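Below: the structure, in structure tokens.
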Amino acid sequence: HTRCSSVSWGSEMCIRDSYKGAFFKMQILFNEQSRTFHLTNDKISYIMTVLPNGHLSQVYFGKKVHDKADFSYLIQSCARPTTSYISEEFHNIISLSHIRQEYPVYGTSDYRQPAIEICQTNGSKISDFHYQSHSISKGKPKLENLPATYTENDDEALTLTIHLQDPVTLVEIDLLYTIFAQNGIIARSAKIYNQGKDDVHLTTAMSLCLDLPDCDYEWLQFSGTWSRERHLKVRKLEQGITAINSTRGHSSHEHNPFIILKRPTTDENKGEAIGFSLIYSGNFLAQAEVDTHDVTRVLMGINPTTFDWKLEPNTSFQTPEAVMIYTDDGLNNLSQSFHKLFQKRLARGYWRDKARPILINNWEATYFDFNEDKLVTIASKAKECGVELFVLDDGWFGKRTSDYAGLGDWYPNTDRLPNGIKGLAERIENLGMKFGLWIEPEMTNMDSDLYRNHPDWILHVPGRHSSECRHQYVLDYSRKEVVDYIYNLLAKILREAKISYIKWDMNRSITECYSVAYPADRQGEIFHRHILGVYDLYERLTSEFPHILFESCASGGARFDPGLLYYAPQGWASDDSDAIERLKIQYGTSFAYPISSIGSHVSVTPNHQVYRLTPLHTRANVAYFGTFGYELDLNKLTPAEQEEVKEQIKFMKEYREIFQFGTFYRLSSPFENNVTAWMVVSEDKETAIVGWYRVLNGINLPYSRIYLQGLNPDFCYQQSIDGKSYFGDELMNIGLVIDDPSAGQPYGDMATSCDFDSKVYVLKAINK
Ligand code: DGJ
């Protein structure tokens, strides 16, 4: 046995966690002899090394290990039959096929999918990147024009930049790795520079590549369709490619730019998992390729299928950021790390840390059929019940009396709003409420002044049919003049009227993605340039109007992604407002996204999407675990129901900080059980709230218990329904006993349970 030596150079920082008062330590170590990098904090180690021939190789990502001078025994490069090799230097034959790499290319002995592909003027796509230098800096640099995680002070993170070069094209890459002080987080991106004399085309430029040494993982993805977003799908990794993507121009209803690899034995509360999230709202690819030696390559970034970026000499391209988080404490812990990062260091601005206003939205109450008085009537009743914000949805502008017309004409329709938005906003403010407004700034209808005046401002191919969806076209946001035009119209309204909230919608995927403003050899850039235009408009409006609360939306949840969380701290999770459907949607969403970001409302029964009848208390019990609001006309409820709504609002006002900013735990999955359960716990663990939901009722049922999480075992908690007290360890180890009238024989009025029943339990520490 040789002794481990630990000679390392690099940066080391200690920070005090402002929430818990504990010390966290992070380091980026570099060993000059072995040219090994080690990024580490109290949770993780991320190790890579420069091979003798200059390639950058992945060594380890996982639970923290001691630093050592040399980890080269982990570079497994045995000679294998029929292997092509790039180098015979030193005693080993280096075949890139069998080496785990940080940013691999195709065509120089690695046959797996690459992280980068560069097409050159001679038609060659071959490149070969070698380590040149590196630097370590405190904090985290901003990514130009792209959303990304950030630090508030330099002590929160360290960033390693590794500089690579291809000696033939003279293309250079900066690989950025940020390790945060807390949790197992590594943020990554790549910046690619053309330092050569010729143009090149980037046809693949991923944000992240991670080669893992085995394939003993289950792959979790969050997929669906309109009104059925982010349903959990699980499958085992096998040799070959497992992938999800979007080619629609937005992150999509169909797949979310978030995946998890977990060990088969990992569950919510124990075991290893790695989550991967792309901070991007456009076309993405997330894939895991298992080779025939069971090595797993994870790639995440802009979808290469719809991407081709012309990189002229002396220009650069910045990829979006990808975040990876490792845990060995189960999926709840993984989600909590994502929640905290996204809530505190991705979302920004005035509303980031604030409990969200309880709102009422008129969409399901009126659709396009309203006038000013009708809206004020809805708002007045809502105010009487305690609602704080009235949101005017679609239909207030141009000739927008149906979804056939008006998009792009962002001035009030004075037939229905004679006093304009300014006048309506004043009336709402005079009621003592805040006023919010819906917009869909990336779109236009054929029947609109915008389209009549600028038919070439839509994404379209001249001479070809332009496909419609919901009777609308997508504006070409790769053109600055288009973004400027929309910005001017919207900024005028926001300057004139007292508007406190914006719901930013986007109701169709892109087709015929072509911009008449760009030459043929730049058409592969349009999808990405379009989304950069969307980010530009978001940046301009959010910085000019910092007190406005922005909620993103895309036919419900088609763009519920981390890219938009940077601008809008909450998003409408789905157009499906049925409480039972929402169990799966909100449960799936919670794997990556914090409760403060999940827009969820109480709507009418029969529900407008699935025509289901659910009790009013269940609709609220689901919506509490989100930003909370109403999507109906409260005037149409019975007096008893209106009283119930008043109680719901009072309850939410009392506990919303805990719902939205507490630590969230999933307890029972709607994807596996008839019962869904989840809970939130306050930072000090003195208050916890448990949601219990049963889809179908039964008779003479077994007794049921829910095993709680995250409580202080020594605190004694008073439970809100039976008024009795229980120790934290009792509730976690023995379980919360559900007082269920269906466990037994129903007698007349004693049968109080029904299909779609639910309960919310509040637990308050009474002796600490
Ligand atoms: C789709 C959104 O998801 C709905 O909430 C609503 O705003 C409609 N668009 C309005 O057209």
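Note that the structure is predicted; figures quoted are calculated from it, not measured. Just so you know, ligand 1 is whichever comes first in the structure, and atom 1 is the first atom listed for that ligand.
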Exceeds 12 heavy-atom contacts within 6.0 angstrom, atom [atom1] of [X]:
| X | atom1 | answer |
| --- | --- | --- |
| Arg495 | CZ | yes |
| Lys646 | NZ | yes |
| Lys498 | NZ | no |

Contact residues of ligand 1 (heavy atom under 4.0 Å), by chain and number: Trp363, Asp393, Asp394, Trp438, Arg470, Lys503, Asp505, Asn507, Cys553, Ser555, Gly556, Trp572, Asp575
Measuring only between side-chain heavy atoms, which start at C-beta, is Pro147 closer than 4.5 Å to Tyr567? yes
Plane angle bin for Phe368 and Trp363 - parallel if under 30°, tilted between 30 and 60°, otherwise perpendicular: perpendicular
Taking side chain to side chain donor-acceptor pair (under 3.5 Å) as the test, write out the residues that go with Gln221, two or more places apart. Trp219, Ser223, Arg235
